[in-house]
Protein chains: 2
Amino acid sequence: MRVRLEDVARATGVSPKTVSRVLNEEPSVKESTRQRVLAAMESMNYRPSPAARGLAGSRSFLIAMLYDNNDNPASTYLAEIQDGVLDACDAHRYSMMVCPLRLRGQDFIRRVDALVAEHHIDGVIMTPPLTDNAALLRRLKELGVPYASISPQHREGSIGVCMDEQHAAKVLVEHLIELGHRCIAHIVGIASHGASRWRLQGYKDALAAAGLPFDPHYVVQGEFTFGSGVMAARQLFALPQEPTAIFAANDDMAAGVMWAANERGLKVPRDLSVCGFDDTPLATQLWPPLSTVRQPSRDMGKLATLQLMEVLRGRGTGLLVQVPYSLQWRESTSTPPQKS
Amino acid sequence: MRVRLEDVARATGVSPKTVSRVLNEEPSVKESTRQRVLAAMESMNYRPSPAARGLAGSRSFLIAMLYDNNDNPASTYLAEIQDGVLDACDAHRYSMMVCPLRLRGQDFIRRVDALVAEHHIDGVIMTPPLTDNAALLRRLKELGVPYASISPQHREGSIGVCMDEQHAAKVLVEHLIELGHRCIAHIVGIASHGASRWRLQGYKDALAAAGLPFDPHYVVQGEFTFGSGVMAARQLFALPQEPTAIFAANDDMAAGVMWAANERGLKVPRDLSVCGFDDTPLATQLWPPLSTVRQPSRDMGKLATLQLMEVLRGRGTGLLVQVPYSLQWRESTSTPPQKS
DNA sequence: GTGAAAGCGCTAACAC
DNA sequence: GTGTTAGCGCTTTCAC
């Protein structure tokens with residue numbers, strides 16, 4: 001029937017324990033033995049049983065990807081992250097479970113407890129805003145479950161991946177200023193996300209660096225959704241002096257701004273420049289194509305997972321890796337309209 | 001430490017096997033015993049170990065969601081399906097593994113073999129075009145792994161979920177005809193997807209029902225992507241007589257059509273009516289909002305999974321459930337332009 | 001460096 | 001209806 005570890009042992013003429021050692025990459029095996037075992041595994045098409053390994057050992061070779069099912073960013077973002085996590089799992093023969101949590105609704109800690117208790121999860125990958133939920137982080141620490149974060153707010157001591165979003169936002173807005181814009185608005189994302197804070201701060205940094213005044217009227221609250229972008233834009237259009245450029249904290253909201261601009265009869269970028277953040281597929285599917293900051297989500301998912309694996313394999317304590325952003329200048333931005 | 005089945009047995013004063021019976025909902029347990037065991041499980045906060053169950057028993061309580069990583073539809077579609085699958089898994093205490101396959105690249109069968117061999121998968125959920133891959137279906141049958149399909153082409157004997165896409169497309173195009181359009185084009189999706197065939201056939205049905213001639217020049221090939229929609233639209237705009245309405249086989253391509261219309265200076269819907277199919281979030285994020293057919297993807301994922309569970313729990317053979325579509329008339333469609 | 005024995009937490013096949 | 005025994009395929013502990 002099934003090829004077992006014992007079969008490999010017999011075929012190689014060693015004990016099961018030695019095969020187990022090879023399987024787990026333990027160092028104390030003579031190289032020649034190791035090679036023979038490996039060859040036998042290969043030729044016999046041996047596949048270790050995760051269930052047996054999980055039951056007998058302390059590791060399950062299972063990680064869970066946690067995300068918030070209420071206030072998550074666009075699903076394309078999560079899908080890309082997930083693909084990246086899977087890439088890393090494949091490479092290290094780990095399996096991944098997907099675990100949507102509802103941050104509102106206070107039983108999400110119990111969901112995590114259940115996950116760990118039942119499946120003996122080895123580690124966790126999290127996306128914002130879970131990365132900054134104190135209760136969740138505390139519980140994971142209590143449970144002794146290592147975790148890696150994608151874009152966590154608190155960077156000291158965190159492992160996972162991040163991007164210098166603040167600087168990216170600053171460079172973005174600086175370019176708008178260079179184009180001649182003086183009245184630049186910003187639409188903020190959900191407060192619990194670090195992204196919202198960083199992108200807002202980058203906006204402020206750029207204004208300050210250019211000696212432009214910061215006017216709170218030009219900063220309106222959004223929720224990272226298309227609809228909230230529409231609402232925010234309408235609010236901005238109602239100001240005595242309309243902005244000539246709007247920097248939305250993500251692409252979905254920027255799409256909302258362009259929608260609202262259409263509604264109002266404004267032509268982008270002639271009457272209004274618009275930029276977003278993230279470079280989701282949407283960005284190039286809008287008319288005109290959206291200027292934005294590219295965030296390599298899939299790579300970020302993969303890198304965060306690789307850092308987690310470092311911890312799980314005892315190779316180190318894991319790092320917070322920083323990935324580079326890149327600005328995508330497309331047709332939604334240009335010089336401001338001439339003063340009438 | 002951990003609460004085991006044996007602990008529950010001891011606390012209840014029955015044998016481990018009886019607790020096991022209760023856990024697995026076997027009928028041959030006296031109701032009063034069942035209640036006592038259940039109560040003990042609850043109060044002791046007992047959580048069965050999937051690893052132990054998988055190792056000892058014939059079932060793993062694990063299902064895999066398979067999808068094609070090359071020619072898949074928009075990722076938002078897959079994300080919604082996945083959410084639905086997770087809903088169903090939650091309800092039945094199953095776990096789900098995500099398994100992207102590459103249909104091009106001939107080793108995808110081996111990936112499936114590995115998945116089944118290693119994880120002892122109980123069943124599989126598939127999305128198009130995997131649902132119609134003969135090699136894959138054959139292998140799953142050989143392996144004895146039950147599967148449920150989402151929108152499979154071959155409906156006889158299939159279990160899972162489907163929608164009457166052909167009829168939906170027909171109704172959609174009929175409405176365009178009612179609006180006065182006589183020159184309606186269609187952009188087809190990837191050939192390996194049933195969706196492409198059904199939607200094309202519905203288009204033909206509507207023309208035939210209205211006594212309009214079918215002109216192959218007005219049917220161009222797309223790939224379900226935004227970019228292919230742009231290309232296809234450009235092709236249609238180059239025809240001697242431009243269409244007054246374009247029905248794209250999905251929303252992404254419809255977005256491409258609207259993009260190309262913008263590029264050409266056409267105003268939607270004044271100069272051109274556009275419709276899509278699926279009602280992805282994109283549909284309401286375009287300007288103008290897109291008329292389309294709503295497909296309840298999340299429900300479909302859930303329903304397909306529930307049918308699979310019926311099979312896994314031995315409750316029946318499973319059905320192919322049909323879900324209703326609904327037309328979403330938005331602002332991208334109107335009467336055709338006056339002949340000049 | 002390698003091996004022997006015990007057991008992880010559960011279910012299968014039987015007996016009662 | 002319920003209990004007993006054995007064992008799923010590995011890793012652990014400890015011995016050599």
Side-chain angles (χ1 to χ4, degrees), chain A residues 1-38 40-41 44-62 93 95 116-120 122 312-314, chain B residues 1-38 40-41 44-62 93 95 116-120 122 312-314:
Chain A
M1 279 293 288
R2 182 191 178 100
V3 182
R4 290 158 309 153
L5 184 139
E6 194 192 329
D7 303 324
V8 177
R10 197 154 22 213
T12 328
V14 298
S15 76
K17 178 61 203 170
T18 297
V19 179
S20 171
R21 287 195 175 98
V22 172
L23 189 62
N24 291 292
E25 299 178 350
E26 288 174 29
S28 58
V29 179
K30 196 164 43 166
E31 183 56 23
S32 62
T33 319
R34 220 177 73 81
Q35 292 303 340
R36 272 175 35 236
V37 171
L38 247 23
M41 283 178 171
M44 301 175 79
N45 197 25
Y46 168 68
R47 307 205 167 277
S49 153
R53 297 226 276 175
L55 185 56
S58 49
R59 297 175 296 173
S60 64
F61 298 93
L62 240 185
R93 305 189 132 272
S95 298
V116 175
E118 281 184 42
H119 292 279
H120 249 287
D122 283 346
L312 297 186
R313 311 178 92 201
Chain B
M1 279 292 288
R2 182 193 177 98
V3 181
R4 291 159 310 153
L5 183 139
E6 195 192 329
D7 303 324
V8 177
R10 197 153 22 214
T12 328
V14 298
S15 77
K17 180 60 201 172
T18 298
V19 179
S20 171
R21 289 195 174 98
V22 172
L23 189 61
N24 292 292
E25 300 177 350
E26 287 174 30
S28 59
V29 178
K30 195 165 42 169
E31 184 55 24
S32 62
T33 319
R34 222 178 71 82
Q35 292 303 339
R36 272 172 37 233
V37 171
L38 248 23
M41 284 179 171
M44 301 174 80
N45 198 23
Y46 168 68
R47 307 206 168 277
S49 153
R53 297 225 278 173
L55 186 56
S58 48
R59 296 175 298 172
S60 63
F61 298 92
L62 240 184
R93 305 189 132 273
S95 298
V116 175
E118 281 184 40
H119 292 279
H120 249 287
D122 283 344
L312 298 185
R313 311 177 92 202

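These values consider heavy atoms only, across backbone and side chains, with no hydrogens, waters or symmetry-generated copies. In what follows, chains are A, B, ... by sequence order, proteins preceding strands, each numbered from 1. These numbers come from a predicted model, not from an experiment.
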**Study point:** Residue-level proximity of residues 27-36 of chain A to DNA chain C when a heavy atom falls under 4.0 Å
**Key:** A:Ser28, A:Val29, A:Lys30, A:Thr33
Check your understanding: Would you say the side chain of B:Leu5 lies within less than 4.5 Å of the side chain of B:Ser20, judging by non-hydrogen atoms?
Key -> yes
Review point. What residues form a side chain to side chain donor-acceptor pair (under 3.5 Å) with A:Gln35, not counting sequence neighbours?
Key: A:Glu31
Exercise for review: Name the first nucleotide and the last nucleotide along DNA chain C (5' to 3') that come under 4.0 Å of a heavy atom in chain A.
Suggested key: C:dG1 to C:dG9
Check your understanding: Would one find a side-chain N or O of A:Ser49 under 4.0 angstrom from OP1 or OP2 of D:dG9?
Key -> no
Sequence neighbours excluded and cut-off under 3.5 Å, please list the side-chain donor-acceptor pairs for residues 51-59 of chain A, or say none.
residue: A:Arg53; atom: NH1; partner: A:Asn24; partner atom: OD1; Å: 3.1
residue: A:Arg59; atom: NH2; partner: A:Asn24; partner atom: OD1; Å: 3.0

Exercise for review: Please list, chain by chain and in numerical order, all residues satisfying side chain to side chain donor-acceptor pair (under 3.5 Å) with B:Ser60, sequence neighbours excluded.
Suggested key: B:Asp122
In residues 10-17 of chain A, what donor-acceptor pairs under 3.5 Å come from side-chain atoms, sequence neighbours left out?
residue: A:Arg10; atom: NH2; partner: A:Asp7; partner atom: OD1; Å: 3.4
residue: A:Thr12; atom: OG1; partner: A:Val8; partner atom: O; Å: 2.5
residue: A:Ser15; atom: OG; partner: A:Lys17; partner atom: N; Å: 3.4
residue: A:Ser15; atom: OG; partner: A:Thr18; partner atom: N; Å: 3.4
residue: A:Ser15; atom: OG; partner: A:Thr18; partner atom: OG1; Å: 3.4

**Study point:** Bracket notation of DNA chain D in which parentheses pair within the strand, [ ] cross earlier pairs, and | pairs with another strand (Watson-Crick or G-U, under 3.5 Å)
**Key:** ||||.|||||||||||
Study note, to complete from the structure: Residues at least two apart in sequence or cross-chain that pass side chain to side chain donor-acceptor pair (under 3.5 Å) with A:His120, listed by chain then number, are none
Exercise for review: Can you check each nucleotide of nucleotides 11-16 of chain D against protein heavy atoms at under 4.0 Å and return B for base, S for sugar-phosphate only, - for none, in 5' to 3' order?
Suggested key: SBB---
Check your understanding: Under the salt bridge (Lys or Arg N to Asp or Glu O under 4.0 Å) test, which residues partner B:Glu118, sequence neighbours left out?
Key -> A:Arg47, A:Arg93
Exercise for review: For A:Tyr46, check ring pair (Phe, Tyr, Trp, His ring centres under 6.0 Å) against everything at least two apart and list the hits.
Suggested key: none
Point to revise | For atom CZ of A:Arg4 and atom C1' of D:dC8, their distance in whole Å | key: 9 Å
